[in-house]
Amino acid sequence: MMMNRKELFGWGLGALVVAALAVLPLWLQSDYVLSLLISVLMYSVLATAWALFSGPTRYVSLATVAFFGLGAYTTAVLSESLPWPAVLGVALVLGAVLALLVGLATLRLSGVYFVIFSFGLAELTKQLVTWWEVNITKEIGRYVFVEITQQHIYWQLLALLALVLGLRALINRTRLGLALRVIGEDETVAVHVGINTTRAKVLLFALSAVFMTVTGAVMAPRWTYIDPSIAFAPVISFQTLIMALLGGAGALFGPLLGAVPLVLLFEYLSAHFPNHFSILLGLVFMVIVYLVPRGLASLVQRRRSTR
Amino acid sequence: MNFLDVLLAGATLGGLYGLVAMGLTLQYGVARIMNLSYGEFLIAPAFLAYVLVTGLGWSPLAVLLLALPLGFAVQWGVYQLLLTPLVRRTGAGPQLEVDSILATFGLLFVVQGVMLVIFGGNYHSYDYLSVPVNILGSTVAANRLLVLVAALVLGVGLYLLMTRTRMGTVVRAVAVAPRFAPLVGIQVRQTAALAFGLGGALVACSGVLVSMFLPFSAAMGTLFAMKALIVVIMGGVGNLMGCLVAGLLLGFAETLVASFVDPGLTLAVNYALFLVVLLVRPTGLFGRAAR
Amino acid sequence: MLEVRNVSVRYGQHEALHGVSLDVAPGEIVVMLGANGAGKSSFLKALGGMVKAEPGARATLGGADLMQLPAHRIVEAGLALVPEGRGVFGDLTVRENLQLGAHPARARAGEAQMRERVFQLFPKLAQRLNQAVRTMSGGEQQMVAVGRALMSQPEILLLDEPSLGLSPLMCKELFAALARIRSLGVGVLLVEQNARQSLAIADRGYLIETGRLVGAGSARDLQNDPAVRRAYLGAAAVH
Amino acid sequence: QEAPKSVRIGWAIAKTGPNAGGTATTVTPNYQMWVKEINDAGGLMLKAHGKRVPIEVVEYDDRSSSEEAVRATERLITQDKVDFVLPPWGTANNLAVGPTYEKHKYPLLAATSVTDKAPDLAKRWKHAFFFLGTGTQYAEALVGYLEEARKAGKIGDRIAMVNIADGFGVELSNAARKAAARHGFTLVYDKSYPIGTQDMTPILNEVKGKGADVFVAFSYPPDTVMITDQARVIGFNPKVMFTGVGTQFPMYKAKFGAAAEGIMGPGGVDFDSPAIKDYFARHKAFSGQEPDRFASTVQYAALQVLQQSIERVGKIDREAVTQEIRSGSFDTILGPLKLENQLFNNLWWVGQWQSGEFYAVAPSNKKGAKPAVLPKPAWK
Amino acid sequence: MSALLELKGVTRRFGGLVAVNGLSLSVQAGEVVGLLGPNGSGKTTAMNLVSGALPCNGGEIVFDGRRISGLASHQIARLGVARTFQLVRVLGGMSCLENVEAGLAFRPQGLHGRAARERAQQLLERVGLGTQAVLPAGELTYIDQKRLELARALALAPRLLLLDEWLAGLNPTELQQGIALIRSLSADGLTLLLVEHVMDAVHALCTRCVVMNAGTKIADGPTREVLSDPQVIRAYLGEDENDAQAEAAHA
Ligand SMILES: Nc1ncnc2c1ncn2[C@@H]1O[C@H](COP(=O)(O)OP(=O)(O)OP(=O)(O)O)[C@@H](O)[C@H]1O
Ligand SMILES: Nc1ncnc2c1ncn2[C@@H]1O[C@H](COP(=O)(O)OP(=O)(O)OP(=O)(O)O)[C@@H](O)[C@H]1O
Ligand SMILES: [Mg+2]
Ligand SMILES: [Mg+2]
């Protein structure tokens, strides 16, 4: 495939930014800023991975935390017995397998039915893990004591982000990207132009899920203690979705435009207005919805197109 | 444990699930607003009941009389003030789904935040009609029975209203094709606001009823909203009978599992049942085409 | 009497209709001819309240100015529209669609009678009362759309390509029915590509091109006008 | 060396989310009251500087999320540079922030976390202190008490037990299971139920049919209330009824009043102690609500430990303060308090509602313990 | 010579309604066959069965010697069967070019990138949309959307093209253009099965017609013969114009 100069420039710039971000913690002294960056990165990866599938196909998924939690649990169970890369590898495989199963099961669902199905699925996963821990292992919480520092987590998340963004950019250029957009517009048309919608959807769903799972695995060491309510907290799914939608799930950098400011906003509000956090957050949300109709990405695009 | 016990417990619990979901199915089914703040509007009337009952000595049934119109008015206002701009802007197209999710998500936080400021994060509970009622040798709490009765009456009544009357048909017409409804003289915005308000009245009603026997806190709204979503989708969007049937099914499943298998699996079985229903019927028990 | 003056419609930058004026009297069939994209549908939609006309437009019917009315009041004032693409309530049944057609207060009184008329016109509908309209064939849905509009007992009936998708037999029956509807004193404004058949039953006609009225006349004159024959009646008609 | 303008104390607790309920009952009022009392007295006495220095608070909302709790703690320590950090509510969150405290060598005074891992964790984390005991301690105390009752011929040897499928419930039921076996009791029912269960009737009906004299529920506040309520409705009245967190809450008292008579739960207070009476009065006056009768007193006592340690060291020297907490003896509302291996063991394990108050009944040999009412009287 | 498309006793039910009832027909390569019938007689359903949008309840469909009933739509499309829809379905949020590129990309030896763009432009020009290439498809008029749909179908380089009332709603001038376009497609060797109610078009295009009524085939043969079959006239075409008017006058 040929790349024109502009695209080459884009890739080059992207690589540069990633490199700059990668050396940041070496120079950065504050643990706190680092941990804030970790949060930013975590949601950036999750939202971008979410949009990888849901952006073009418009299937809104609330299953994010099912995969994220699966990853976290993989770490919790295996981190003492396997080397770290192997743990991530296992998480990746598990995520892919679960996603393939789910993807194949949900093919007939669309619209809000898919949304709530995916939510139910995450809750079911949580319930089953809970039951298993309570009745089989007889320990509900698990401790993760591994030698992974914050910096490692940061680098790993950054790598994931670079990967998922690069992958999304690549897919957009390929036939698969076109197929997904056609599916998003009209699935009947999609099959009649010869698109194997099942394969495209399941493939992308699995790809997106793999990123979520690995993110969960990478994040687990930050908490030491993991139980199903922590690892499978539905709020993670909702925040991911809100960030992607607010930023604009259709654009490559849309999810980032949602995730970065929102994580910072959460942080700012909970730090400065701990007792009125909810109210202010809600108001900010509503203001954004009313003033920025098509996601933050549209603002940037509009600016660009009027220039 | 005898079978009638299981049946009664399942029915009261299922009635609760169904009742809690009815308002949402109207709101989403007709006004096409995925109201994520739904649960907060269940908890707020519960607090109202708490204050009036423990503070002023009202009877919760009297609170109900106040909460119904109030719930209607509040949600009607929410639709008119907050949601119509979105409906206008998006022309009720697919973007409305996204915008309404975001806006009601914001509203959720605002309402919850206000309740937290006023009532704190504590659990609240009071005692009302917590007396045994004997039915063919099985006992059930009067307040829970009341919920079942309310669910049956409201569910069946509204279902008949929606399917057997002209007004019901009008409401459903707005639900299926808001763009074309004016062609037959239907005022879309008013009808949608009406349905939204009606949903508000229903959720207020369930909030007051729930406060009679479930301890609640300001943070608990989302739990109810999520449960309601499951029931709405399982029953088929916009279908009140679906709500009732799905609620009862979940209630029975939960009680059966708790009695005969393992109470630890109740919620797992509930979700599994929900997923299986969707896999077999992708638009819910009573649903028509997905949109 | 429907008197329309100076209707313009704009989609963003693009003005699709420029100051169109025309009249439809009770008991007459008026046909509107024009190439695709000429703005016929936009005109009907503006009258029916589905798109907003530019300021300055007027459309009086029985003393009311339709342009000042909110969309849902227009049908109450006596104007019914069968829009392009039918606009039926797909998830509702045939019965419910017809019932909704009679939703305006003006239509309540004679509802049962009107229903019988519609069934005479489209017997298929009587057989399929409980079928969801979404699951019907294209032509069947067209019948529902026309039937629903009739149910509101309009003074003026606007039809946007009602014969689209109807079989030749149904098409003939539809035009015959329109002739009968006219005899009830209803004014019919018809947008049709099937110029031959529509001019055959019409009283008058208008020609529209790129958003402007460019001609008008009695149906007979139009039928015989060579330019019209060439553009709208086609070579096939000249044998 | 110049005296600091203030002692900065930070906390990141759940003001929203699922943990907000527990936090609002047990944690927030105590933190706030403690600060207010100290500041009203002019501040903490720092001997090294020879003056009282007021407390300045930095507070965050962790939104009931471990990730937020960890980050907020990091922010308090590294950005706000607070002198001490007070932990969030609940076992899971205390464990989640543990490593951060340890890394920065800040003392962690965990007063709302119950875990059998506490002794191990205390070895791993030199700066962590566990005030609320281990699951085994509660279970042993309860079963030990039951054994006495059995010996006295008051109850049989059948126990029915349920627990919530969450940290607290699982820890305690695991411990109770072992304790029951050790003391020769039979568990005729032993099941867990998930968080969010909205009806306890099936479980209670089932348990009722098992003919157990003892019913133990390691439950959370909403289910504790539901279990009590529904047991009353179906007329299930075991000789011993023990319910979990929430039994000790003021809300429970308000709702059940006299009907609670004879119900047991973890915790309890010695109402004959003037210090406790005084604490209750102050708490009520300060926050408008009574404290809970389980972790609240311990929470407050832990704060007293911190206060006294700082004042004894006389300056902001965390290492010294930590050392003092580890080895000192303190005078608290619970009486003299001394930690052993970073653990506080001298707790009330079992309490019981008796004529409108939740008295401590076990350990029965501890000063201030009330004799338990057995069997539980009929429902009112 | 064997048929390119063959339906053998194909049946499709919706609940109690048998929409297509034991339908058998064949289309030879290069033919233009009209599928006619009253409204609701099952034509669109038959098209849906061929294109795989609906599964058959009975019978089998053979395309180019290969059984395609039971295959998924996308497989059938890739074998060389393209279609348009009675109610147009364009990808409203995408440009005309992208709509056609969607057709080009997923056929065997699909095109992507620059080659696809060029080919798409050619196809748009062929259906008369050359100047609207960059417009979002949702903004086209109904008729232009139909054209776009045809271009998208052609992009698949099909051997059999199914057109469902593609000529409906055209005025005579446009109709003539449309007929000419379809003729040229046929001349290029494309086989066509078209559902049409516009008799002028049927006369002009179809060498052979199949007429359905209530799900069954009632006539099959050369166009002129079929259209003068009394059964077809009674069910589908109606009596002569004057008779119809006379009837209306009576009523
Ligand atoms: N929603 C819309 N947005 C933008 N432009 C539109 C829209 N609807 C119609 N147009 C434009 O307005 C013009 C007139 O369209 P209209 O549908 O009224 O024509 P018409 O005469 O009914 O054509 P047809 O015979 O194709 O139905 C066309 O150029 C069309 O592209
Ligand atoms: N999904 C469905 N559910 C129920 N009935 C259906 C469904 N689809 C089609 N039908 C019925 O099957 C019959 C055949 O429909 P079909 O669309 O094939 O007709 P058609 O011949 O294409 O008619 P037209 O010329 O009006 O387009 C109709 O009576 C229709 O109502
Ligand atoms: Mg038109
Ligand atoms: Mg058809």
Side-chain angles (χ1 to χ4, degrees), chain C residues 11-12 14 16 33-42 84-86 120 122 124 127-128 131 135-143 160-161 163-173 175-180 183 192-197 200-201 229-238, chain E residues 14-15 17 19 36-45 85-88 139-147 164-165 167-176 179 195-204 213 227 232-241 243-249 251:
Chain C
Y11 299 104
H14 165 66
L33 302 175
N36 104 57
K40 310 176 297 289
S41 298
S42 303
E84 187 173 48
R86 307 190 187 105
Q120 273 169 19
F122 305 118
K124 189 95 173 231
Q127 296 158 17
R128 298 287 179 85
Q131 187 172 358
T135 66
M136 301 185 92
S137 83
E140 290 165 345
Q141 293 191 16
Q142 191 70 49
M143 298 175 204
D160 199 345
E161 307 198 22
S163 73
L164 192 79
L166 291 187
S167 73
L169 176 61
M170 272 320 299
C171 210
K172 282 174 197 162
E173 290 183 6
F175 282 107
L178 290 181
R180 262 178 282 161
S183 66
E192 257 297 338
Q193 297 298 359
N194 190 337
R196 209 184 329 157
Q197 259 178 323
I201 59 158
R229 289 178 76 95
R230 210 175 321 112
Y232 301 107
L233 297 176
V238 205
Chain E
F14 295 108
L17 182 85
L36 312 181
N39 295 120
S41 56
K43 307 178 296 292
T44 299
T45 308
F85 296 87
Q86 185 172 357
L87 292 174
V88 282
E139 286 179 16
L140 297 183
T141 59
Y142 186 68
I143 308 297
D144 284 346
Q145 293 189 347
K146 287 195 146 190
R147 292 193 170 137
D164 197 350
E165 300 199 21
L167 292 162
L170 301 186
N171 71 25
T173 319
E174 293 159 349
L175 187 62
Q176 291 314 320
I179 290 174
V195 170
E196 235 5 291
H197 291 306
V198 181
M199 283 305 120
D200 291 346
V202 173
H203 281 294
N213 190 17
L227 293 184
V232 173
I233 292 179
R234 199 166 342 106
Y236 179 60
L237 293 169
E239 308 298 331
D240 193 78
E241 208 124 316
D243 300 359
Q245 265 166 8
E247 226 172 272

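Chain A is the first sequence line, chain B the second, and so forth, proteins listed ahead of strands; every chain is numbered from 1. Everything numeric in this text was worked out from a predicted model, so none of it was measured.
Side-chain atoms of Q141(C) come within 3.5 Å of backbone atoms of M136(C) as a donor-acceptor pair (strictly under, hydrogens ignored). Checked by atom type and distance alone, the side chain of N39(E) pairs as donor or acceptor with a backbone atom of G165(C) at under 3.5 Å.
A19(E) does not touch chain C: none of its heavy atoms, backbone or side chain, sits under 4.5 Å away. For L170(E), the part lying near chain C is the backbone, with the side chain staying farther off; criterion is any non-hydrogen pair under 4.5 Å. Interface remark: L36(E) contributes no atoms to any contact with chain C (heavy atom separation under 4.5 Å).
Screening I233(E), L237(E), V202(E) for a side-chain contact (heavy atoms from CB on, under 4.5 Å) with P168(C), the sole residue that qualifies is L237(E).
The shortest side-chain heavy-atom distance between K40(C) and Q193(C) falls under the 4.5 Å cut-off.
With chain E as the partner, the residue from S183(C), S163(C), S167(C) showing the most heavy-atom pairs under 4.5 Å is S167(C).
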